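Letters go in sequence order (proteins before strands), and every chain restarts at 1. All of these numbers come straight from a predicted model, not from anything done at the bench.
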Amino acid sequence: MLPYNTNEIARIEKKWQGLWDERQIFKTPEDSRRPKFYCLEMFPYPSGKIHMGHVRNYTIADVVARFKLMQGFNVLHPMGYDAFGQPAENAAIKHKTHPAQWTYACIDQMRGNLKRMGFSYDWSRELATCHKDYYRWNQWIFLKMFEKGLAYKKSSSVNWCPSCETTLANEEVIQGQCWRCKNDVVQKDLEQWYLKITHYAGALLEDLKKLDNWPSRVVAMQENWIGKSYGVEIYFKWQKTGEILRVFTTRPDTIFGATYVVLAPEHPFVKPLVAGTGYEQAVMDFVAKVGQMSKSMRVSGDDRKEGVFTGQYAVNPVNGEPIPVWVADYVLMEYGTGAIMAVPTHDQRDFLFAKEHCLPMRIVIQDPVRPEMSVEEMTEAYEGEGRQVRSGAFDGLPNEEGKKQIARWMEAEGKGKIAVYWRLRDWLISRQRYWGTPIPMIYCPACGVVPVPEKDLPVELPEDVRFTGEGGSPLSQSDSFVRVACPACGKDARRETDTMATFFDSSWYYLRYISPCDDKQAFHPGQAAYWMPVDQYIGGIEHAILHLLYSRFFTKFLKDLGLVNVDEPFTRLLTQGMVLKDGEVMSKSKGNTVDPDAVIAKYGADTLRLFILFAAPPEDQLEWNDNAIDGSWKFLSRVWNCVQQKYRPADQAYAYENLTGDAKDLERERNFVVKKVTEDLSNGFKFNTAISQVMILMNRIDKFSADGDPLRQAVFNQAVRTVVLLLSPLTPHMCEELWQMMGNREESVSRVPWPGYKENALEKDVVLMVVQINGKLRSKLEVPVNIPENELRDRVLSDENIQRHLEGKQVKKFIVVPQKLVNIVV
RNA sequence: GGGCAAGUGGUGGAAUGGCAUACACGCAGGACUUAAAAUCCUGUGACCGCAAGGUCGUGUGGGUUCGACUCCCACCUUGCCCACCA
């Protein structure tokens with residue numbers, strides 16, 4: 001007999017990984033009449049070895065894919081690499097090599113790691129975003145966006161890392177510092193390429209309602225991110241010139257309490273407003289000071305708000321009152337109109353600022369709990385509901401009603417206009433780095449900005465580039481790249497040297513898997529119509545906003561082009577939890593990582609897969625435990641040994657009804673477990689409870705002996721076969737080997753249909769009834785399933801324990817829950 | 001400040017209105033062994049009791065119900081995400 005030990009495991013896993021490749025078991029047919037199932041996991045950045053987070057993510061997805069395959073679906077389960085990005089370039093600088101070389105070496109290593117885990121990918125669809133056959137379609141999509149006015153160039157204040165010499169996305173700035181080099185990030189005015197994601201803000205928000213199979217918190221995060229605010233744009237007038245200053249507020253009900261106005265330091269009105277006045281020096285000094293601050297420093301937690309008076313006044317359109325105009329750091333140019341009306345009594349930020357600078361306050365919403373409260377008594381702004389006071393004709397209205405009426409009145413009187421503002425900003429995609437998709441644009445002194453014609457795609461990354469980490473983007477230093485003839489006039493022109501943010505690449509890769517070799521188009525619309533949307537998407541919560549929002553944006557854009565026919569790319573989303581060790585997230589910097597390779601070397605991929613699925617529900621955090629993984633291995637050993645020792649050919653047919661005793665119990669348990677495991681895998685992927693069910697069945701099998709009886713052996717065999725089939729999506733290598741050992745002829749256990757169960761084989765003859773008195777457990781009785789109620793009552797009341805507890809008491813109620821429980825109320 | 005999630009044995013976790021702690025880890029005892037490992041068996045929420053059995057017990061306090069880990073209200077704690085968004 002072969003033991004389930006390190007050597008044997010290695011032999012089996014290698015053997016089946018080889019056979020799966022050789023027989024192309026997981027190659028997805030081009031077309032099929034079967035229902036489709038697109039199972040996708042977030043593709044990795046190829047940094048080298050896979051880590052436990054990858055293992056967990058991809059194991060979960062693999063079980064789903066294999067389960068659906070056995071259920072008869074035509075499954076698409078691809079894998080690729082999100083291969084552009086800064087780490088490759090930094091590695092190139094450090095090791096004096098080329099980013100491509102480093103990246104492809106990492107990909108090779110990663111692919112090897114993934115194969116060792118036994119994942120059921122269709123490897124013929126593998127893709128890497130850094131390959132020109134992929135990124136040319138990035139360029140094509142970009143050109144389409146440019147054509148539709150959705151890709152545009154604008155000058156704006158951006159995050160800039162002086163050390164990495166590139167712009168950064170907001171999410172790459174951690175507490176004012178560059179995520180990679182930890183140097184302070186500064187704001188810089190630059191002309192950059194943007195994608196007009198805000199064009200789809202409404203649809204992106206509205207269609208969140210369709211995503212009822214997404215985790216609610218991801219939906220909530222996207223909602224917050226898109227941030228739709230209803231309010232009023234109010235027209236204040238400069239007292240001096242009569243010019244209009246637009247101010248946005250969501251609280252028009254507080255307009256009568258506005259006691260000053262604040263402009264963002266970057267507001268274009270600031271400079272002309274103070275020019276030549278006695279306030280110019282102080283105001284411009286303040287503007288300069290704020291300009292020096294990094295964005296995250298400026299919004300950092302504390303309540304201190306700084307600002308200066310401009311010496312100017314603006315007129316409140318509702319009461320003609322001139323109120324002072326300030327410039328302060330707590331007002332941001334990027335949101336609203338970059339100017340606010342300040343109502344210190346009903347906005348905490350304004351309250352703090354007003355206290356600090358001794359500005360006037362006026363209560364206009366009465367706190368129903370403290371109606372007499374005066375401005376002097378206020379210790380914080382009152383932001384709750386109440387009735388309008390000191391609000392002219394609107395006095396006495398509940399403020400929610402006041403909001404509506406004041407807004408309508410202002411619009412009618414031309415004092416403002418009802419407006420919607422979004423938090424969502426357009427997406428800055430320019431990066432001043434080499435290792436990304438070149439933005440396919442040309443600057444001609446005569447013709448201006450000219451797109452590269454489609455026929456000239458791809459704009460390839462030049463090879464003749466040195467990586468020194470100095471002097472800006474390597475692309476701008478490549479003469480052969482930069483110098484180009486203008487496609488319009490043919491004269492000397494210059495290429496755009498910025499590359500695209502890598503989130504562009506990952507915003508549509510799920511479509512490229514559908515026809516990965518197509519060299520005529522980004523993807524085949526007909527095949528996309530079959531495969532889209534992705535039925536199950538699995539990945540980390542860290543992508544809840546960025547990648548998942550960008551992908552939704554791209555899908556909507558591609559639908560508008562008529563290339564896809566779905567509004568949303570991902571029907572179901574599962575965000576798997578983190579892998580922890582000693583209560584902390586595994587990370588290299590903390591030094592608490594566990595290398596999947598080392599675990600595979602000792603226990604094999606099957607044990608690792610089983611443990612990671614068993615230790616916690618997929619959405620929850622998973623605490624790594626070196627002892628517990630031993631338990632997973634022991635369980636697989638038991639299954640392995642059981643087949644080898646006790647499985648004997650026996651083909652006798654039988655029916656559940658005709659079985660007796662423990663054989664009948666085993667067959668019933670088998671049917672029950674099939675039902676439960678199928679449900680657990682279908683509804684919410686409860687792998688942990690599915691596994692515990694198989695363990696229960698296995699415990700029963702271990703206690704059962706065929707005693708040389710062919711019928712009993714047949715029942716036993718059926719139970720063992722069921723265990724192997726139910727486990728096969730989870731621990732595929734061992735199950736393939738056992739399936740073969742048991743004499744089955746299929747070329748792979750993954751081609752065997754998922755086991756079914758019979759309802760009648762779940763029925764019991766007797767049930768255990770729990771007997772409670774006043775809700776407290778007092779006794780248990782075994783009774784026939786269909787016992788009449790009066791007979792049950794007699795049996796219960798004659799029970800010794802029950803009689804003792806009922807002594808001297810009156811039975812008021814007798815509640816029966818069929819086949820479960822009796823509760824006697826006394 | 002806002003949003004979301006979660007609080008159950010020594011540990012990971014199970015139970016979504018009906019036996020709280022399934023399944024597993026750990027621990028203890030036993031069998032096998034010269035011994036150990038492996039394997040197998042038994043036990044394992046707390047307290048009282050020789051036992052039968054009883055009392056308490058799912059973050060805290062209330063409520064609904066014949067019956068609450070589960071539903072409702074309030075609070076506490078932890079985790080994650082967002083945040084001068086006007």
Is there a Watson-Crick or G-U wobble partner for [N] with both distances under 3.5 Å, and which nucleotide is it?
{"N": "B/G17", "result": "none"}
{"N": "B/C40", "result": "B/G30"}
{"N": "B/G49", "result": "none"}
{"N": "B/U11", "result": "B/A24"}
{"N": "B/C85", "result": "none"}
{"N": "B/G67", "result": "none"}
{"N": "B/C80", "result": "B/G3"}
{"N": "B/C75", "result": "B/G59"}

By nearest-heavy-atom nucleotide on RNA chain B, the more 5' of A/Ser229 and A/Asn801 is A/Asn801

Judged by nearest nucleotide, the residue sitting upstream toward the 5' end of RNA chain B, A/Asp630 or A/Lys813, is A/Asp630

Enclosure of A/Gln810 CD (heavy-atom neighbours >12, cutoff 6.0 Å): no

Establish, with yes or no, whether the OP1 or OP2 oxygen of [N] is under 4.0 angstrom from a side-chain nitrogen or oxygen of [X].
{"X": "A/Asn5", "N": "B/A38", "answer": "no"}
{"X": "A/Lys634", "N": "B/A37", "answer": "no"}
{"X": "A/Arg804", "N": "B/A52", "answer": "no"}
{"X": "A/Arg778", "N": "B/G54", "answer": "yes"}
{"X": "A/His805", "N": "B/G54", "answer": "yes"}

| task | Could you tell me whether A/Glu669 and A/Arg700 have a side-chain N and a carboxylate O separated by less than 4.0 Å? | result | yes

Per-nucleotide protein contact along nucleotides 10-19 of chain B, 5' to 3', at a 4.0 Å heavy-atom cut-off (B base, S sugar-phosphate only, - neither), is --BSS---BB

Span that lies between the [atom1] atom of [M] and that of [N], in whole angstrom:
{"N": "B/C85", "M": "B/C76", "atom1": "C1'", "answer": "31 Å"}
{"N": "B/C69", "M": "B/U44", "atom1": "P", "answer": "22 Å"}
{"N": "B/C72", "M": "B/U64", "atom1": "P", "answer": "15 Å"}
{"N": "B/C32", "M": "B/C41", "atom1": "P", "answer": "15 Å"}
{"N": "B/U39", "M": "B/U33", "atom1": "C1'", "answer": "12 Å"}
{"N": "B/A83", "M": "B/U78", "atom1": "P", "answer": "23 Å"}

Worksheet item: Do A/Asn801 and A/Arg804 get their side chains close enough for a donor-acceptor pair, meaning under 3.5 Å?
Response: yes

Distance in angstrom units between [X] [atom1] and [N] [atom2], rounded:
{"X": "A/Lys305", "N": "B/C85", "atom1": "NZ", "atom2": "P", "value": "8 Å"}
{"X": "A/Trp640", "N": "B/U39", "atom1": "CH2", "atom2": "P", "value": "17 Å"}
{"X": "A/Gln693", "N": "B/A22", "atom1": "CD", "atom2": "C1'", "value": "8 Å"}
{"X": "A/Arg423", "N": "B/A86", "atom1": "CZ", "atom2": "C1'", "value": "13 Å"}
{"X": "A/Gln348", "N": "B/G1", "atom1": "CD", "atom2": "P", "value": "10 Å"}

Exercise for the section: Quick one: label A/Val331 by what it contacts on the DNA or RNA (base, sugar-phosphate, nothing), any heavy atom closer than 4.0 Å. Expected result: base

Name the nucleic acid region contacted by A/Gly227, choosing base, sugar-phosphate or nothing; use a 4.0 angstrom heavy-atom cut-off, strictly under.
nothing

Closest listed nucleotide, where the reference is the side chain of [X] and the choices are [options]:
{"X": "A/Asn699", "options": "B/A86, B/C66, B/A24", "value": "B/A24"}
{"X": "A/Asn627", "options": "B/C82, B/C25, B/C40", "value": "B/C25"}
{"X": "A/Arg425", "options": "B/A83, B/A24, B/C85", "value": "B/C85"}

For [X], what residues pass the salt bridge (Lys or Arg N to Asp or Glu O under 4.0 Å) criterion, not counting sequence neighbours?
{"X": "A/Lys675", "result": "A/Glu679"}
{"X": "A/Arg638", "result": "A/Asp702"}
{"X": "A/Lys289", "result": "A/Glu306"}

In numerical order, the residues of residues 212-223 of chain A whose heavy atoms come under 4.0 Å of RNA chain B are A/Arg217, A/Met221

Can you say whether the rings of A/Tyr550 and A/Trp427 are parallel (under 30°), tilted (30 to 60°) or perpendicular (over 60°)?
parallel

Which of parallel (below 30°), tilted (30 to 60°) and perpendicular (above 60°) describes A/Phe248 and A/Tyr335?
perpendicular

Residue pairs meeting salt bridge (charged side-chain N to carboxylate O under 4.0 Å, His left out), one or both in residues 622-631 of chain A, sequence neighbours left out, come to none

Please tabulate, for side-chain N and O atoms in residues 253-261 of chain A, each donor-acceptor pair with protein atoms closer than 3.5 Å (sequence neighbours left out).
from     : atom 1 : to       : atom 2 : distance (Å)
A/Asp253 : OD1    : A/Arg251 : NE     : 3.1
A/Asp253 : OD2    : A/Arg251 : NE     : 3.3
A/Asp253 : OD2    : A/Arg251 : NH2    : 3.0
A/Asp253 : OD2    : A/Asn399 : ND2    : 2.9
A/Thr254 : OG1    : A/Arg251 : O      : 2.8
A/Thr259 : OG1    : A/Pro360 : O      : 2.7
A/Tyr260 : OH     : A/Tyr330 : OH     : 3.4
A/Tyr260 : OH     : A/Asp350 : O      : 3.1

Would you list the atom pairs, donor with acceptor, under 3.5 Å between side chains in residues 689-696 of chain A and any protein atom, with sequence neighbours excluded?
from     : atom 1 : to       : atom 2 : distance (Å)
A/Thr689 : OG1    : A/Asp680 : OD2    : 2.8
A/Thr689 : OG1    : A/Lys686 : O      : 3.1
A/Ser692 : OG     : A/Thr689 : O      : 2.9

Side chain to side chain donor-acceptor pair (under 3.5 Å) filter on A/Asp347, not counting sequence neighbours, yields A/Arg349

